[in-house]
Enquirer: 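Structure provided below as structure tokens; questions to follow.
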Amino acid sequence: MTIDATLAGHLQELRRGTVVVASLTVLRQPGYGYSLLETLSAAGFEVEANTLYPLLRRLETQGLLTSEWNTDEARPRKFYRTTAQGDALAIALRSEWGRLDKAINDLQAPAPDSGHSAISEGENR
């Protein structure tokens with residue numbers, strides 16, 4: 001396995017959780033699946049429709065999203081909105097994200113007594 005394949009696998013794992021948090025955050029305001037896809041893409045989240053739509057259905061089944069059909073237009077569209085439970089989860093996940101980000105940054109900070117970072121920058125394991 002090459003480093004590129006290893007990196008791709010780990011990035012995919014990292015993105016899975018972040019897409020959930022991002023979707024719950026964006027959908028505090030009602031939105032259609034396609035508009036959510038565009039919003040996420042514009043923000044730098046690489047997610048495909050065949051990944052996003054099953055995620056939306058799963059979040060709805062879990063009670064984190066609610067959906068309604070808009071039949072006012074020629075083509076009916078389903079729009080989603082974060083529930084109170086989904087909003088609370090998004091807040092908790094963003095808080096944990098901040099804690100983990102700080103912890104990782106702290107690991108890179110120089111150790112107080114040695115002047116070296118916890119892991120050398122040039123070290124590859």
Side-chain angles (χ1 to χ4, degrees):
M1 179 178 264
T2 68
I3 190 69
D4 290 341
T6 301
L7 176 60
H10 285 288
L11 286 174
Q12 182 178 13
E13 286 181 41
L14 184 62
R15 286 187 188 117
R16 277 188 190 127
T18 59
V19 169
V20 169
V21 176
S23 296
L24 292 172
T25 299
V26 170
L27 292 173
R28 288 177 295 168
Q29 298 297 316
Y32 299 99
Y34 186 74
S35 67
L36 174 62
L37 197 60
E38 288 181 327
T39 300
L40 293 176
S41 178
F45 287 89
E46 298 173 25
V47 60
E48 295 183 18
N50 62 356
T51 299
L52 184 64
Y53 288 104
L55 171 70
L56 293 173
R57 288 190 294 274
R58 182 170 46 95
L59 294 174
E60 185 176 15
T61 299
Q62 294 172 344
L64 304 173
L65 292 177
T66 187
S67 67
E68 291 182 27
W69 283 97
N70 180 347
T71 56
D72 295 341
E73 298 176 21
R75 182 173 161 232
R77 294 184 182 183
K78 190 176 193 180
F79 67 93
Y80 297 88
R81 183 178 186 127
T82 306
T83 63
Q85 181 183 357
D87 194 41
L89 179 66
I91 290 167
L93 291 173
R94 287 193 313 269
S95 174
E96 180 63 7
W97 178 274
R99 189 193 69 74
L100 290 171
D101 184 54
K102 181 186 179 318
I104 289 171
N105 286 327
D106 288 350
L107 289 173
Q108 293 180 343
D113 58 348
S114 69
H116 298 308
S117 63
I119 298 174
S120 298
E121 300 237 353
E123 201 174 334
N124 288 326
R125 292 187 177 169

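For the numbers below, each heavy atom of this structure counts, side chains included, while hydrogens, waters and symmetry mates do not.
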Enquirer: Working to the nearest 0.5 angstrom, can you tell me the gap between T66 OG1 and Q85 CD?
Expert: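 The OG1 atom of T66 sits 11.5 Å away from the CD atom of Q85.
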Enquirer: Looking at F79, is its backbone amide N or carbonyl O close enough to the side chain of S67 to form a donor-acceptor pair, meaning the two atoms are under 3.5 Å apart?
Expert: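 Not confirmed, S67 side chain does not pair with F79 backbone.
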Enquirer: Write down the atom of T25, the atom of R94, and the distance for their closest heavy-atom approach.
Expert: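 Minimum heavy-atom separation between T25 and R94: OG1-NH1, 2.8 Å.
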Enquirer: Check whether more than 12 heavy atoms from other residues, nucleotides or ligands sit under 6.0 Å from atom CD of E68, and answer yes or no.
Expert: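 Check fails, neighbour count at 12 or below.
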Enquirer: Just by modelled atom types, is the L24 backbone N or O under 3.5 Å from a matching donor or acceptor in the T82 side chain?
Expert: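 Side chain of T82 to backbone of L24: a pair is present.
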Enquirer: Would you check if L56 and L27 make a side-chain contact, meaning some heavy-atom pair closer than 4.5 Å?
Expert: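 In short, these two side chains touch, coming nearer than 4.5 Å.
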Enquirer: Could you go through the salt bridge (Lys or Arg N to Asp or Glu O under 4.0 Å) check for R99 and E96 one step at a time?
Expert: CA-CA 5 Å; R99 189 193 69 74; E96 180 63 7; 2.7 Å; yes
Enquirer: So for atom CD, which belongs to E73, do other residues, nucleotides or ligands contribute more than 12 heavy atoms lying within a distance under 6.0 Å?
Expert: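 Correct, the count exceeds 12.
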Enquirer: Look up atom CZ in R16 and atom OG1 in T51, then write down how far apart they are to the nearest 0.5 Å.
Expert: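 Reported value, rounded in 0.5 Å steps: 8.5 Å.
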Enquirer: Would a 4.5 Å heavy-atom cut-off, applied to side chains only, mark N70 and Y32 as touching?
Expert: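 The answer is yes; the side chains approach within 4.5 Å.
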Enquirer: Looking at S41 and E38, would you say the former's side chain and the latter's main chain have a donor-acceptor pair under 3.5 Å?
Expert: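 Checked: no pair found.
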Enquirer: Using a strict 4.0 Å threshold on nitrogen-to-oxygen distance, state whether E60 and R57 make a salt bridge.
Expert: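 Answer for the salt bridge query: no.
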Enquirer: Taking all non-hydrogen atoms of both residues into account, name the closest pair between A74 and P76 and its distance.
Expert: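 Smallest heavy-atom distance, with atoms named: O-CD, 3.6 Å.
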Enquirer: Please report the interatomic distance CZ(R58) to CG(L65), rounded to the nearest 0.5 Å.
Expert: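 Between R58 CZ and L65 CG, I get 10.5 Å after rounding to 0.5 Å.
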Enquirer: Might you point out which heavy atoms bring F45 and A22 nearest each other, and give the distance in Å?
Expert: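 For F45 versus A22, the nearest heavy atoms are CZ-CB, 3.6 Å.
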Enquirer: With side chains defined as the heavy atoms from C-beta onward, is the minimum distance between L52 and S23 less than 4.5 Å?
Expert: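 With C-beta onward as the side chain, the pair touches.
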Enquirer: Mark yes or no for whether D101, through its side chain, and W97, through its backbone, hold a donor-acceptor pair below 3.5 Å.
Expert: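 No, because the side chain of D101 does not come within donor-acceptor range (under 3.5 Å) of the backbone of W97.
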Enquirer: When you measure from the side chain of R81 to the backbone of R28, do you find a donor-acceptor pair of N or O atoms at a distance under 3.5 Å?
Expert: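 Indeed, once roles are kept as given, a pair shorter than 3.5 Å links the two residues.
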Enquirer: Just one of V21, T83, L64 clears the side chain to side chain contact (heavy atoms under 4.5 Å, CB included) bar with L89, so which one?
Expert: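 That would be L64; it is the only one of V21, T83, L64 passing the side chain to side chain contact (heavy atoms under 4.5 Å, CB included) with L89.
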Enquirer: Looking at every heavy atom in both A49 and P54, which two are closest together, and how far apart are they?
Expert: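 That closest heavy-atom pairing would be O-CD, 4.0 Å.
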Enquirer: Are the side chain of Y53 and the backbone of Y34 linked by a donor-acceptor contact shorter than 3.5 Å?
Expert: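 Here the side-chain-to-backbone pair exists.
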